[in-house]
**Q** 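Pasting a structure below so you can have a look.
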Amino acid sequence: MFNRLKFLKPSPKLRELILLLHTERDPCVTQSKLASYASLAPSMVNKYLKEFVKKKIIKTNGNNRKDMTYHITESGLAYLNQLFSLFMNETLMLHRETKEEYMSRLQRFYNDGIRRVVFYGSADMAQISFNAAEEIGFEIVGIVDGDPSKHGKFFAGRRIDPPSAIEDIQPDAVLIASFANREKIYHGISYLEKKGIRIISL
């Protein structure tokens, strides 16, 4: 997971949180699995675990790594809760700041007179831009997605339709709410611009 990140590299505190969460869920978890979860070398996991034992955050049972089990102490649970609380606060802060940036960018289109919008995309990140658009005052008149398996399902309380439905809806603009396939999506619906429907992307 973490080796795909470019901006949000895991800190030592986040690695502690990950290791403690997985040892709490499965006391029999191996150090190699913990290394995979935290994107660490097994030797580094062993170092973290030794530090946890030293600080009485966890207790261990077993004679070697093969039969070792890990048990979080009461003080360890308190520390885990503290780490999780800090993690949630920072995550919510990032979510809030991302939404504010989306609102700033969307406001420009609203000021240009765009009101009725179709969202193209229904992945997790689309929810943030959807919430931002609603807060500004856009009328979201449709949700479309190029994935046939999503058609007929619901996103943010609205039915997901195929892209072919856009022209019948006649929105002021289509907002591309997908990052991964933005260019492909644009080329697939660029013909709509000749029909007076703007295509916008964040």
Side-chain angles (χ1 to χ4, degrees), residues 1-11 13-18 21-22 37-39 81-190 192-193 197-202:
M1 173 183 175
F2 295 119
N3 55 9
R4 299 197 303 267
L5 298 178
K6 301 299 182 185
F7 293 97
L8 305 178
K9 293 295 184 181
S11 66
K13 289 296 182 187
L14 179 55
R15 294 191 193 278
E16 286 185 353
L17 173 61
I18 293 164
L21 281 173
H22 283 287
Y37 295 142
S39 294
N81 290 335
Q82 178 187 354
L83 288 175
F84 190 74
S85 178
L86 290 170
F87 172 77
M88 288 302 299
N89 286 338
E90 290 191 9
T91 301
L92 291 171
M93 179 187 70
L94 288 170
H95 182 280
R96 184 168 56 251
E97 290 181 356
T98 302
K99 181 182 173 184
E100 288 173 359
E101 179 61 26
Y102 279 3
M103 289 182 69
S104 174
R105 297 183 180 211
L106 285 168
Q107 188 68 52
R108 302 170 199 166
F109 298 116
Y110 191 86
N111 294 343
D112 284 344
I114 292 176
R115 294 294 184 274
R116 302 177 74 253
V117 175
V118 165
F119 263 66
Y120 195 125
S122 55
D124 292 338
M125 289 303 295
Q127 184 68 60
I128 301 177
S129 49
F130 186 96
N131 293 343
E134 279 200 320
E135 197 163 323
I136 288 173
F138 286 98
E139 182 185 356
I140 301 171
V141 293
I143 306 287
V144 301
D145 199 291
D147 183 353
S149 68
K150 295 183 178 181
H151 300 163
K153 296 180 181 178
F154 287 81
F155 174 81
R158 290 167 172 79
R159 177 189 167 95
I160 302 172
D161 291 315
S164 58
I166 297 172
E167 198 170 343
D168 291 334
I169 298 172
Q170 284 295 305
D172 296 330
V174 177
L175 172 62
I176 299 176
S178 170
F179 294 117
N181 302 306
R182 187 170 60 245
E183 294 297 324
K184 183 179 178 181
I185 290 171
Y186 174 78
H187 289 303
I189 61 174
S190 59
L192 293 171
E193 292 182 313
I197 300 173
R198 289 181 61 180
I199 301 173
I200 59 179
S201 173
L202 299 180

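Below, all heavy atoms of this structure are taken into account, side chains as well, without hydrogens, waters or symmetry copies. Just so you know, these numbers come straight off a predicted model, no measurement behind them.
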**Q** Tell me, do Tyr186 and Glu193 make a side-chain contact under 4.5 Å, heavy atoms counted?
**A**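 Touching, per the 4.5 Å side-chain cut-off.
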**Q** Spell out, as yes or no, whether a donor-acceptor pair under 3.5 Å connects the side chain of Arg115 to the backbone of Tyr110.
**A** yes
**Q** Just so I know, are the side chains of Arg15 and Ser39 near enough to count as touching, which here means a heavy-atom distance under 4.5 Å?
**A**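 Yes, their side chains come closer than 4.5 Å.
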**Q** Do Lys150 and Phe155 make a side-chain contact, defined as non-hydrogen atoms from C-beta onward lying under 4.5 Å apart?
**A** no
**Q** Which heavy atom of Tyr120 sits nearest to which heavy atom of Pro163, and what is that distance?
**A** OH-CG, 3.3 Å
**Q** Within the structure provided, determine whether Arg198 and Asp112 are in side-chain contact (heavy-atom separation under 4.5 Å).
**A**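 With C-beta onward as the side chain, the pair touches.
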**Q** Hey, what's the ring geometry for Tyr37 with His22, parallel, tilted or perpendicular (30° and 60° as the breaks)?
**A**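 Parallel: the ring planes of Tyr37 and His22 meet at under 30°.
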**Q** Can you confirm whether Asp172 sits close enough to Val117 that some side-chain heavy atom of one is under 4.5 Å from a side-chain heavy atom of the other?
**A** no
**Q** How far does CD of Glu167 sit from CG of Leu192, to the nearest 0.5 angstrom?
**A** 6.0 Å
**Q** Judged by atom type as modelled, is there a donor-acceptor pair below 3.5 Å linking the side chain of Ser129 to the main-chain atoms of Ala126?
**A**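 Yes, the answer is positive, given that a donor and an acceptor are paired below the 3.5 Å cut-off.
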**Q** Can you give me the closest heavy-atom contact between Arg182 and Ser201, atom names plus distance?
**A**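 Closest approach of Arg182 to Ser201: CD-OG, 2.7 Å.
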**Q** Under a 4.5 Å cut-off applied to non-hydrogen side-chain atoms, are Lys184 and His187 in contact?
**A**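 No; the side chains remain at least 4.5 Å from each other.
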**Q** So which heavy atom on Ile189 is nearest to which on Val174, and how close?
**A**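 So the two residues come closest at CD1-CG1, 3.8 Å.
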**Q** Does Arg116 reach the main-chain N or O of Gln170 with its side chain, forming a donor-acceptor pair under 3.5 Å?
**A** yes
**Q** Nearest 0.5 angstrom please: Asp147 CG to Asn181 CG, how far?
**A**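 It is 10.0 Å, given to the nearest 0.5 Å.
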**Q** Distance check, rounded to the nearest 0.5 Å: Glu134 atom CD versus Met103 atom CE?
**A** 11.5 Å
**Q** If I compare all heavy atoms of Ile143 with all of Ser122, which pair ends up nearest, and what's the gap?
**A**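 Nearest heavy atoms, Ile143 then Ser122: CG2-CB, 4.5 Å.
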**Q** Can you see whether Asn111 engages Gln107 through a side-chain donor-acceptor pair at a distance of less than 3.5 angstrom?
**A**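 Present: a donor and an acceptor within the cut-off.
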**Q** From Ile114 CD1 over to Ile136 CD1, what is the distance, rounded to the nearest 0.5 angstrom?
**A** 11.5 Å
**Q** Closest heavy-atom contact between Ile185 and Ser178?
**A** CD1-CB, 3.7 Å
**Q** Contact between Leu106 and Leu175 at the side-chain level, heavy atoms closer than 4.5 Å - yes or no?
**A** yes
**Q** Between the side chain of Ser104 and the main-chain N/O of Glu100, is any donor-acceptor distance below 3.5 Å?
**A** no
**Q** Below 4.5 Å, heavy atoms only, C-beta onward: do Met88 and Phe84 meet side chain to side chain?
**A**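 Met88 vs Phe84: side chains touch.
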**Q** Say you draw a straight line from NZ of Lys13 to CG of Leu17; how long is it, rounded to the nearest 0.5 Å?
**A**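 Lys13 NZ to Leu17 CG: 10.5 Å, rounded to 0.5 Å.
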**Q** Hey, what do you get for CD1 (Ile166) to CZ (Phe119), rounding to the nearest 0.5 Å?
**A** 12.5 Å
